[in-house]
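Just so you know, residue 1 is the first one in the sequence shown, and it goes up from there. FYI, side chains are in, hydrogens and waters are out, and symmetry mates aren't considered; it's all heavy atoms of this structure. Indexing begins at 1, ligand by ligand and atom by atom, following the structure's order.
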Amino acid sequence: MTPSSSPIHKLEDYKPSPWFTPSVELRFDLDLHLTVVRAEYEVVLQTPEKEPLFLNGESLDFLSIRIDGAILDPNEYQVTPLGILIPDPPKDKFKLIVENRINPATNTSLEGLYKSGSMLCTQNEPEGFRKIVYSIDRPDNMMQFRVTISGDTSLFPVMLSNGNLVGESQLVEGKKEVIWEDPYPKPSYLFALVAGELEETKDTFITKSGREVALKIFVEKGNEEKVGFAFDSLKKAMKWDEDTFGLEYDLDLFMIVAVEDFNMGAMENKGLNLFNAKLVLADKKSATDESFEAILAVIAHEYFHNWTGNRVTLRNWFNLTLKEGLTVFRDQWFTEDMTDPAVKRIKDVLFLKEFQFPEDQGPMSHPILPKSYKEMNNFYTVTVYEKGAEVIRLVSELIGRDLFKKGLKHYLSKYDGQGVTFEEFVSSMEEVTGHSIPNLRNWYHRSGTPLISVKESFSKESNEWIFDLTDTGGDDYPLVYSNSLAVFNREGSLLKEEKRIMVGERDQIRVSALDQEGTKPIVSFFRSLSSPIRLDYKQTEEETIVLAKMETDGVSRFFSFQNLIFDWFRKSLDSGKGENLSTILETIADSFGRGWDKTYHSFYLSFPGLTQISESIGCYEFQKLASLRREAVQSIAVKFTSQFQILFEENRKTIPIQTKEEIGKRRLKNIALYYLLYDPKNQFEKLAVMEQREAKHMSEEVSAMKYLLEIDSKEKENSVRLFFEKWKHDGLVLDVWFAAQVASGEDRSKIAEKLEKHPQFNIRNPNKVRALYFSLARNPLSFHAEDGSGYQFIAERIKRLNEINPQMAAALTKLFSPVSKQKGELPKIAKIELESIANLPNLSKELGEIVGTILNSL
Ligand code: ARG
Ligand code: ZN
């Protein structure tokens, strides 16, 4: 079957499965190349009329099938590339035993059972289980699992699965067997198995009811010292879920395994989370502040899935956002509580604007509840995750966090052990508030970022300013918005705060003039992005400056300053030259005296990157933007040289620990260094060189190298060499090294071409692919190079990945989404490249769906 003819799964076609399998006994006889898998299911008919039984199974080597002990006659079933069809099962209820073989060592898709380093491990969400054994592989089929694993003791001293270890025995010489039982029924996507030579590290957690939970993190030898932060993060997450929602962990054992080759961040398999090693392993020498924070967030995220995702799971994959949007919202809230709420919110909104807004404006746009898909793997998107989280945040804004907590508890107890849809979640929230929330459900069906326009007018009679808000695209799916707003006077004193709920397409807000002359108050709308929208409101420069300095909401203050910067780009593009920067400079000058939190101030001072700028102002001429950006950053550097020197010196001595104070110092010092490096007289490069040499924390070391690369310093080669010599033994740190060399500047495809021949590059390792290819494709100057070299380079790698790892190939192809916005020949060149991908002889389903969607937009 060719991908374009592969079936489309439609939400409207969803039907419960006619058959289900309430329990399964799995047996694995492990071998790197030839693993035998046997499944024994209890099979039960759920429909009044008997229907054919279909077991999903792909890339499996079929061995045998039996019903109630009797081998089936070959004319009673058909084995196809997609599974086994039993047209007329003999009874309504029976035992089915099916056996097949698989080859984990050659499974480079990293889905199903595969080999990573010296271990075997699984990834089954969404549909990897069918690459392990025949099954009814859908989330609404929940099974109780008993898993027996046998294998060579020297190859597989550790053998893990979900739940509790209930048996372990020595078999013949050199072989052993273990048995795992998970008391909680779960869909196949939450099944996990890990086996190999792994080091076990331990900790414990006492739950609020006094139960002791054993915590274990398994790592490859040599990494045992790098798990401390992960354990702390896990314990914080467990405690927070108890304190915030009363949710306690429900088994006596919680395990995490760090895996080197992993397509995504991590996976919430019941009691046995699998993690991309980069999201577990960290110490001050080898991890940046950003990676520490990512570890905290992802460990929490996967842990939180134990309730939102596992105990209450999904009815079908269309509802993925039910568990992901909700769980992302929970992990964001957690990080807000653990760190700094304003800074965390700024990061999340920046991410949303840089990645989700463009996705929702481009060819891949889809509602958080997709209506159809060919390959579910393609729908683990920033829309389903991050916009999904924004919709949940909106619910919490609409009903308040206390009711939200109540509603979540209600939802989890009412639907415990079931597979549900977003409807059950929404109605649970409505039940605790006692009323319906109009239009909320439409957020699940409408794609695109709503654009709310604000028109202001003055009413002489009432001496009021009238703000008319209109949702410009809300005809089909009118929405509900939470609009947190504040009113300021012309000097920036806060006069009034209000939370408005806007139902439908329009709202009118009337605010008294500031005096008898009708002076206009300054209004700040949708503070902290209280709904996931774009705002079309032309505030005057004077008003924007006041908000950029005086907004009491730190998030909105930050974004007002960003707006000031974007306005400067707009003006400069219009006039064809860099305009006067005085308002930006004045606002920065003002910021030095505010005594803000250090991390906050460092964010405020960070000059937006090219992608952010281009998305915010809708201009995709990256050469022009880059030269304007350089001009602006240089002017800031020149104007504030002495302030940045002071900031740098003041924060120079940092202690390499993860406290708010030290992280703040490192960030502020780094941002100061960044500007100093843009000084046109190049007098500060030696500072960066020294920073790198004397660094006590990876954040210092990496920043210095990145900045030298970005400004194309004559020191950059030395810096890169030094970094490599120091870190060549550590694959995770080398990822940063690969990435930094292609992430900024022009013509980096050539560098990437050299780097991919480096002995430590490996196209089979997703972290390396992300480091090199994704970083290059996210560097607009190189990817959208006018001669098409960026497109050609990336297209060629997509073709290679198609054969190795279709998920990575498809994800990389998504970065072609913005090509239709490019000028000149570029869209044409991209089209030729994409067509040649679409014509690949072995085009995978994953890649076929994405390349087809983008081609349709060209
Ligand atoms: N459920 C996992 C998480 O968000 C991610 C699984 C991603 N799966 C995929 N096929 N991309 O925690
Ligand atoms: Zn998740």
Quick check: does E302 get an N/O under 3.5 Å from an N/O on ligand 1?
->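 Yes; at least one N/O pair falls below 3.5 Å.
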
Answer yes or no: does an N/O atom from E324 fall short of 3.5 Å to an N/O atom of ligand 1?
->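 By distance alone, the answer is yes.
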
Cation over ring face, R401 and W333, 6.0 Å, 45° |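 Pair R401/W333 counts as cation-pi.
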
Compute both the distance and the angle, then confirm whether R800 meets the cation-pi test with Y773: under 6.0 Å from the six-membered ring centre, within 45 degrees of the axis.
->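 Geometry flag: not set, cation outside 6.0 Å or 45°.
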
Which protein non-hydrogen atom lies closest to atom 3 (C) of ligand 1, naming both residue and atom, and how far is it?
->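 Residue, atom and distance for the closest contact: Y385 OH, 3.4 Å.
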
Using the ring of each side chain (for Trp, its six-membered ring), is [X] parallel, tilted or perpendicular to [Y], with breaks at 30° and 60°?
X: H305; Y: H301; value: perpendicular
X: F334; Y: W240; value: perpendicular
X: Y380; Y: W317; value: tilted

Any idea which part of M376 is under 4.0 Å from ligand 1, heavy-atom wise: side chain, backbone, both or neither?
->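 Neither; nothing of M376 gets under 4.0 Å from ligand 1.
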
Answer yes or no for E324: is there an N/O/S atom below the 2.8 Å cut-off from the Zn ion (ligand 2)?
->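 So E324 does bind the Zn ion (ligand 2) by this criterion.
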
With a cut-off of 4.0 Å, which atoms of ligand 1 are near a heavy atom of E268?
->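 Matching atoms, with element in brackets: 1 (N), 2 (C), 3 (C), 12 (O).
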
Close-contact set for ligand 1 against K323 heavy atoms, below 4.0 Å =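 Listed by number with element, the hits are 1 (N).
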
Would a line drawn from the ring center of F191 to the ring center of F145 be shorter than 6.0 Å?
->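 Close enough - the centres of the two rings lie under 6.0 Å apart.
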
With atom 6 (C) of ligand 1 as the reference point, say which of E846, M264, E127 has the nearest heavy atom.
->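 When every heavy atom of E846, M264, E127 is considered, M264 comes closest to atom 6 (C) of ligand 1.
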
Round to 10° and report the angle made at the Zn ion (ligand 2) by NE2 of H305 and NE2 of H301.
->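 Computed angle, vertex at the Zn ion (ligand 2), rounded to 10 degrees: 100°.
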
